[in-house]
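All chains are named by letter (A, B, ...) in the order of the sequence lines, taking the proteins before the strands, and each is independently numbered beginning at 1.
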2 protein chains.
Amino acid sequence: MSQTVDRALSILPLLAEGPANLEQVAQRLDVHKSTALRLLRTLHEHGIVHRQADQRYRLGARLFALAQEAMENLDVREIAHPHLVELNAACGHTVHLAVYEEDEVLYIDKVESRYPVRMYSRIGKPVALTVAAVAKLLLADLPEPERRAVAERLDYPRYTSRSTPDAAAFLAELATVREQGWATDLGGHEESINCVAAPIRGAEGRVVAAMSVSAPNVVVSADELLTLLPRVRRTAEAISADYVGKPIRPAERDTP
Amino acid sequence: MSQTVDRALSILPLLAEGPANLEQVAQRLDVHKSTALRLLRTLHEHGIVHRQADQRYRLGARLFALAQEAMENLDVREIAHPHLVELNAACGHTVHLAVYEEDEVLYIDKVESRYPVRMYSRIGKPVALTVAAVAKLLLADLPEPERRAVAERLDYPRYTSRSTPDAAAFLAELATVREQGWATDLGGHEESINCVAAPIRGAEGRVVAAMSVSAPNVVVSADELLTLLPRVRRTAEAISADYVGKPIRPAERDTP
DNA sequence: AATGCCCATTGCAGAGTATGCAATCAGCAT
DNA sequence: ATGCTGATTGCATACTCTGCAATGGGCATT
C-alpha cells in the first residue's frame with residue numbers, strides 16, 4: 001500500500017538471512033543504491049538495523065527488544081504462565097504455550113524440563129505446522145474453508161517416518177483432533193520426542209492458544225506420557241477459565 | 001531520513017506497549033487517520049503487525065520470527081554455545097551470553113541452571129546496564145570518550161543497596177573491570193543473586209561479547225561463586241580462540 | 001608514497017507517491 | 001429505527017521520494 005514502507009520492510013527478511021552491504025540490499029530490492037541507503041538509514045535511526053564494523057548491515061537490538069516486549073504483553077501468556085509452571089512442577093517435563101497467527105504457529109512461553117535430556121526449542125521460533133501437537137489444535141479450530149486452504153498450501157516435510165505426509169492426512173488428523181479436543185505428536189517431528197497438547201479456549205469457545213507437554217523417549221515412553229493427558233487437559237481448562245474470567249485489558253491508554 | 005518509513009517505524013514501539021486502534025495510532029503519530037491506516041496496512045501485509053478480532057493492532061508473528069532468525073545467525077552465539085553448555089554441565093548454574101549494541105546490552109544466549117531455584121531472565125531482554133557484570137565488561141571496552149558519554153547519559157536505578165549509584169562510581173568500576181579483565185555483580189541487581197563474568201575478544205582484542213555465570217545466594221555464596229572465576233575465564237578464552245580462529249562468514253550471498 | 005579501485009555518500013530536479021480532506025460505510029448501542 | 005463511533009475510500013494537491021551523476025573515503029596494489 002505504501003511503496004516506501006513496503007520496500008523498507010522488505011529489507012528485514014533479507015537481513016535476517018545474514019549481514020549485507022548497501023549494494024546487495026539495493027540489488028535485492030531492485031532500487032538505486034541511494035534509495036536503499038536512505039531506507040537503511042531510517043531503519044538504523046530506529047535501531048531496527050545495526051551497522052557493523054565492516055559497514056554491512058544486520059538486524060538490530062531494538063528488534064529483539066520489541067519482540068520481547070510484545071511477547072511479555074500478550075494476555076494469554078501472562079494468564080497461562082503460573083499454570084504452566086505448576087504443571088511443570090508436577091510432571092517435570094518441558095511445557096510449551098503456542099498461538100496461531102496468519103499461517104504461523106509460534107511458541108510464546110516455555111517452562112524447561114527438569115530432566116537433563118531436553119527438547120530443543122526456543123520461544124518465538126515458528127513451529128513445524130504439520131506435525132506439532134499444538135499446531136494441530138490451533139489449525140483444527142480454523143473455520144473449515146480456511147483450514148482447508150492452509151492445509152493445501154503447506155509443505156509436508158518428512159521429518160521422520162511418522163510425519164504427516166500430505167494435506168489429506170493432515171485434514172483427517174485435524175478432524176480427529178477437533179473432535180476429541182486434544183492432540184499428540186508421537187515422534188512426528190523428532191523421532192525420539194513425544195508431545196501431548198490441549199487447547200485453551202476464549203470467550204466463544206474459540207481456541208486462542210494451545211499448550212503441550214513434551215518429553216523424549218529416553219525419559220518417558222509415549223504411553224507414559226499419555227497418562228498425563230488428563231492433567232494437561234485440566235490445566236488447559238483452568239487457563240481457559242482464567243482467560244475468559246478476566247480478559248485483563250490493562251486500562252486503555254488514552255492520548256493527551 | 002524518510003518520512004514515511006520513519007512514521008511507520010514509530011508505530012512499532014507504540015504497539016509494543018499493547019494493542020491500539022487506528023485512532024490511537026493516528027493521534028500518537030500526529031497524522032490523519034487515513035495515513036495511519038495505510039501505514040498499518042503495509043505493516044500488516046508484511047506480518048509485522050497483526051490485527052486482532054476487535055480490529056485493534058498489535059505486533060505480529062513475523063516480528064518474532066525475524067528477531068529469532070537474526071539471533072540464530074549471530075556468529076559469536078553459534079561459536080560460543082557449545083562452550084556455554086559445557087560450562088553449565090560442569091557447574092550447574094545459569095550461563096549467559098550477552099552483546100553490546102548502541103546503548104543496549106542484551107542476552108543472546110542462555111543455558112538454564114540445573115538447580116530448582118533459578119534466576120529470571122530471557123533471551124533478547126535488555127540488561128540492566130549499570131549493574132550487570134556482562135554490561136560492565138562490554139562498556140568497559142568502549143573507547144574512552146564514548147564510555148564516558150554513555151555513563152553520563154545513563155540512569156542509575158537503585159535496584160538494591162549495592163547498585164552502582166552514579167556515573168562517577170560506574171566509570172571507576174569500569175576502569176577496574178577493564179584492568180582486571182573480569183567483572184562481578186554481587187547483589188547489585190537482585191539482592192540475592194551474584195554473577196561472575198568474563199569477556200570474549202575478537203581479532204584485535206576488542207570485546208565482542210561477554211559471558212557470565214549467575215547463581216542465587218541460596219544455592220552458592222558469593223565467595224563460592226567466585227571460585228568459579230578461573231573456569232569462567234578459561235571458557236571465555238576458549239570461545240575467543242574459536243572466534244578469531246574461524247570467523248565463519250557463511251559464504252557471501254551474491255545476488256543473481 | 002602514489003595510484004586506482006570499490007563502495008558509500010550527497011545535491012538536485014523531476015516524477016510519482018503519500019497526504020489530508022470530506023464523504024461513505026459498517027458495526028453497535030440506544 | 002436512529003444516532004453514534006470508528007474504519008474505509010476517492011481524489012486533487014503538495015510534498016516527498018527517487019534515480020542520476022558527481023563526489024568523497026578507505027583500502028589494496030604497484
Side-chain angles (χ1 to χ4, degrees), chain A residues 1-12 14-15 18-46 48-60 102 143 202-204 206 247 249 251-256, chain B residues 1-12 14-15 18-46 48-60 102 143 202-204 206 247 249 251-256:
Chain A
M1 276 276 132
S2 163
Q3 188 186 60
T4 318
V5 177
D6 186 50
R7 286 173 170 174
L9 295 179
S10 303
I11 294 177
L12 302 184
L14 193 159
L15 291 186
N21 65 20
L22 179 59
E23 192 158 24
Q24 290 173 315
V25 172
Q27 279 186 26
R28 293 272 289 252
L29 286 190
D30 199 28
V31 298
H32 196 272
K33 276 194 303 179
S34 58
T35 305
L37 179 66
R38 275 182 294 257
L39 297 176
L40 282 164
R41 275 236 250 274
T42 311
L43 289 165
H44 186 210
E45 274 170 23
H46 285 257
I48 305 291
V49 311
H50 174 68
R51 194 146 200 207
Q52 35 184 40
D54 62 358
Q55 292 204 302
R56 294 191 303 166
Y57 297 88
R58 59 174 183 69
L59 296 184
E102 311 187 51
E204 302 84 10
R206 291 293 309 275
R249 192 147 291 162
E252 240 55 335
R253 291 163 294 114
D254 20 9
T255 328
Chain B
M1 277 275 132
S2 163
Q3 188 186 62
T4 317
V5 177
D6 186 50
R7 286 172 170 173
L9 295 179
S10 303
I11 293 177
L12 303 183
L14 193 159
L15 291 185
N21 65 20
L22 180 60
E23 193 160 24
Q24 292 173 314
V25 172
Q27 279 187 23
R28 294 271 289 249
L29 287 190
D30 199 28
V31 298
H32 197 271
K33 277 196 301 182
S34 60
T35 303
L37 179 66
R38 276 183 293 255
L39 297 176
L40 282 164
R41 281 238 181 90
T42 310
L43 289 165
H44 186 209
E45 273 169 24
H46 285 258
I48 305 289
V49 310
H50 174 68
R51 194 146 198 204
Q52 36 184 44
D54 62 357
Q55 294 205 302
R56 295 191 302 165
Y57 297 87
R58 58 176 182 69
L59 296 185
E102 309 187 52
E204 301 86 9
R206 291 293 311 274
R249 190 148 295 162
E252 240 55 331
R253 291 162 294 113
D254 18 10
T255 329

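Under a 3.5 Å cut-off, the side chain of A:Thr42 and the backbone N or O of B:Ser2 do form a donor-acceptor pair. B:His32 places a side-chain N or O within donor-acceptor distance of the main-chain N or O of B:Ser34, the cut-off being under 3.5 Å. A donor-acceptor pair is defined here as one N or O able to donate and one able to accept, closer than 3.5 Å; such a pair exists between the side chain of B:Ser10 and the backbone of B:Asp6.
The end-to-end axis angle of the helix from C:dA1-D:dT30 to C:dT30-D:dA1, rounded to 10 degrees and based on five pairs per end, is 40°.
Heavy atoms only, all atoms of each residue included: A:His44 and A:Val49 are closest at CD2-O, 3.2 Å. Considering every non-hydrogen atom in both B:Tyr57 and B:Leu15, the closest pair reads O-CD2, 3.5 Å. When all heavy atoms are compared, the tightest approach of B:Pro19 to B:Gln24 is O-OE1, 4.4 Å. Between B:Ala8 and B:Leu43 the shortest heavy-atom distance is O-CD1, 3.7 Å.
A straight line from CG of B:Leu37 to P of D:dA7 spans 9 Å, rounded to a whole angstrom. Atom-to-atom, CG of B:Asp6 to C1' of C:dT19 comes out at 15 Å; the value is rounded to the nearest Å. Per the geometry, CD belonging to B:Gln27 stands 15 Å off C1' belonging to D:dA7, to the nearest Å. The interatomic distance linking B:Gln3 (CD) with D:dT18 (P) rounds to 12 Å, in whole Å. Nucleotide D:dG19 holds its C1' atom 12 Å from the CG atom of A:Asp30, rounded to whole Å. Following rounding to the nearest Å, A:Arg7 (CZ) and D:dT18 (C1') show an atom-to-atom distance of 8 Å. Rounded to an integer number of Å, the gap from A:Asp54 CG to D:dC27 P is 11 Å. Nucleotide D:dC4 holds its P atom 16 Å from the CD atom of B:Glu23, rounded to whole Å.
In the set C:dG20, C:dA8, D:dA7, the nucleotide with an atom closest to the side chain of A:Gln55 is C:dA8. The side chain of A:Tyr57 lies closest to C:dT9, out of D:dG6, D:dT18, C:dT9. Here the nucleotide nearest the side chain of B:Lys33, chosen from D:dA7, D:dT18, D:dT16, is D:dA7.
In this model, the phosphate group of D:dT8 is approached by a side-chain N or O of B:Arg51 to a distance below 4.0 Å at OP1 or OP2. Distances shown here put every side-chain N or O of B:Thr4 at or beyond 4.0 Å from the OP1 or OP2 atom of C:dT17. Side-chain nitrogen and oxygen atoms of B:Thr35 include at least one within less than 4.0 Å of the OP1 or OP2 phosphate oxygen of C:dG20. Residue A:Arg41 places none of its side-chain N or O atoms closer than 4.0 Å to OP1 or OP2 of D:dC17.
In the model, B:Glu23 has no side-chain atom that pairs as donor or acceptor with a side-chain atom of B:Asn21 under 3.5 Å.
Rounding to the nearest 0.5 angstrom, the gap separating the CG atom in B:Leu59 from the CD1 atom in B:Ile48 is 9.0 Å. To the nearest 0.5 Å, atom CG of residue A:Leu9 and atom CD of residue B:Glu45 are 9.5 Å apart.
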Atom pairs under 3.5 Å, N or O on each side, protein against nucleotides 21-29 of chain C: can you list them with distances?
from, atom 1, to, atom 2, distance (Å)
C:dC21, N4, B:Ser34, OG, 3.4

